[in-house]
Protein chains: 2
Amino acid sequence: MMTREEMARLFRERGIKVTPQRLAVYEILAQTKSHPSADQIFRLLQAQNPAISLSTVYKTLDTLRSVGLISLLNVGEDSHRYDGNPDPHGHLVCTSCHRVDDLDEGLLGDVSSLLQRKSHYRLSALNLYLYGLCPDCQAKLIRKAE
Amino acid sequence: MMTREEMARLFRERGIKVTPQRLAVYEILAQTKSHPSADQIFRLLQAQNPAISLSTVYKTLDTLRSVGLISLLNVGEDSHRYDGNPDPHGHLVCTSCHRVDDLDEGLLGDVSSLLQRKSHYRLSALNLYLYGLCPDCQAKLIRKAE
DNA sequence: ATCATTGCAAATGATTTGCATTCGC
DNA sequence: GCGAATGCAAATCATTTGCAATGAT
């Protein structure tokens with residue numbers, strides 16, 4: 001859990017102004033593991049914060065991404081999702097309940113070092129999306145089958 | 001290189017009607033490794049074929065995907081790309097010239113078996129996008145630096 | 001003959017943009 | 001005070017959809 005002061009320091013270090021809207025958006029992403037879309041973030045903010053516009057949410061997300069504080073996911077849906085973790089990492093997408101989990105870090109390390117060694121590209125980033133059933137949905141399916 | 005007859009047989013096997021538009025779209029994807037977008041396919045078809053509408057291109061791509069003849073890529077651009085290879089496989093995206101190459105099949109096999117073993121999901125598909133400089137662009141950069 | 005496919009035009013929906021107002025520094 | 005950030009409304013752009021005409025079986 002990060003204080004607003006710590007977040008403000010991060011913003012200043014990267015040379016962007018500290019505004020309540022930016023703090024509010026970043027706070028959501030820093031505190032959740034749920035990889036929300038811009039619209040979901042907008043609705044969460046409306047619930048707590050008096051006023052923020054959807055276009056400011058988009059602009060803010062783009063700003064935070066351009067200074068490397070967050071990252072953007074392309075899960076294959078119509079809209080993007082955002083991630084408070086700016087480092088490239090793998091994601092597991094449940095094909096039944098549509099939740100998006102992070103891939104274990106060590107596991108991704110193994111994968112990326114393997115790929116760095118064997119491909120002819122000079123790699124700078126990696127997006128790995130795995131689709132399947134999450135443990136919860138597997139359990140539900142088993143119960144249904146009994 | 002596949003004949004129109006062979007393509008027609010594939011369509012019938014999957015229970016979809018054989019139309020000139022479908023043959024033309026599938027022919028493009030079966031013959032190229034360039035992973036074109038719907039709009040690029042549309043323009044290629046306009047050049048050779050007298051008449052096909054963009055919405056038919058979209059509908060056809062969706063049909064071919066739903067019967068497992070092609071697959072859809074999410075490279076992270078604003079539009080989708082399509083791939084004549086229906087099996088999940090990895091892609092290398094050049095951050096300089098924006099070409100999209102296929103990842104060596106054996107390499108992907110290594111990665112996916114590693115992931116199947118170590119993740120808690122029951123995996124059904126996998127999208128792997130690697131971003132970096134393709135060999136050509138690396139060479140250009142080196143020349144420029146001299 | 002029947003039902004799916006086509007193609008146009010209009011609708012949709014996520015994201016972006018122009019611009020006047022407001023705010024951080 | 002100055003330049004960047006905000007917020008509304010309008011614009012954009014890929015993709016989808018409704019529906020009448022056409023084509024495949």
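A, B, ... follow the sequence lines: proteins, then strands. Residue 1 opens every chain.
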Starting at [atom1] of [X] and ending at [atom2] of [N], how long is that distance when rounded to a whole Å?
X     : N      : atom1 : atom2 : result
A/F11 : C/dG24 : CZ    : C1'   : 13 Å
A/R22 : C/dT22 : CZ    : C1'   : 14 Å
A/L61 : C/dT15 : CG    : C1'   : 11 Å
B/F42 : C/dT6  : CZ    : C1'   : 13 Å
B/L64 : C/dT6  : CG    : P     : 10 Å
A/I52 : D/dT6  : CD1   : P     : 7 Å
B/R12 : C/dA4  : CZ    : C1'   : 15 Å

Which residue pairs pass the salt bridge (charged side-chain N to carboxylate O under 4.0 Å, His left out) test with at least one member in [range], sequence neighbours excluded?
range                       : result
residues 129-139 of chain B : B/R99-B/D136
residues 31-46 of chain A   : A/D39-A/R43
residues 86-98 of chain B   : none

For residues 105-114 of chain B, please give each side-chain donor-acceptor pair under 3.5 Å, one per line with the distance, not counting sequence neighbours.
from	atom 1	to	atom 2	distance (Å)
B/S112	OG	B/L108	O	3.4
B/S112	OG	B/G109	O	3.4
B/S113	OG	B/G109	O	3.2
B/S113	OG	B/D110	O	3.2

What donor-acceptor contacts under 3.5 angstrom involve side-chain atoms of residues 8-22 of chain A, with partners at least two apart or in another chain?
from	atom 1	to	atom 2	distance (Å)
A/R14	NH1	A/V67	O	3.2
A/T19	OG1	A/R22	N	3.1
A/R22	NH1	A/K17	O	3.0

**OP:** Could you please name the option among D/dT25, C/dC25, D/dT6 that lies closest to any side-chain atom of A/T60?
**Re:** D/dT6
Original post:
With nearest nucleotides of DNA chain D determined for A/V57 and B/I16 from heavy-atom distances, which residue corresponds to the more 5′ nucleotide?
Top reply: A/V57
Original post:
Mind checking the C1' distance from C/dA11 to C/dG7? Whole angstroms is fine.
Top reply: 16 Å
Subject >> All pairs passing side-chain hydrogen bond (donor to acceptor under 3.5 Å, both in side chains) where residues 58-73 of chain B contributes a residue, at least two apart >> reply: B/D62-B/R65
Subject >> Distance test, side-chain N/O of A/Q21 to OP1/OP2 of D/dG7, below 4.0 Å >> reply: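 Yes, such a contact exists.
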Subject >> Under 4.0 angstrom between A/T56 side-chain N/O and D/dT6 OP1 or OP2 >> reply: no
Show every donor-acceptor pair shorter than 3.5 Å between a side-chain atom in residues 127-135 of chain A and any protein atom, with sequence neighbours excluded, or say none if there are none.
from	atom 1	to	atom 2	distance (Å)
A/Y129	OH	A/N74	N	2.9
A/Y131	OH	A/V75	O	2.6

**OP:** Determine the interplanar angle of the A/H80 and A/Y82 rings, folded into 0 to 90°, and report it as parallel if under 30°, tilted if 30 to 60°, perpendicular if over 60°.
**Re:** perpendicular
Original post:
Between the axis at one end of the helix from C/dT12-D/dA14 to C/dC25-D/dG1 and the axis at the other (five pairs apiece), what's the angle to 10 degrees?
Top reply: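 End-to-end axis angle: 30°.
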Subject >> Donor + acceptor pair across side chains of B/D101, A/H120 (<3.5 Å) >> reply: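 The criterion, which ignores hydrogens and geometry beyond distance, is not satisfied for A/H120 and B/D101.
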**OP:** Would you give a per-nucleotide map of nucleotides 9-23 of chain D, 5' to 3', where B means the base has a protein non-hydrogen atom under 4.0 Å away, S means only the sugar-phosphate does, and - means neither?
**Re:** -----SBBBB-----
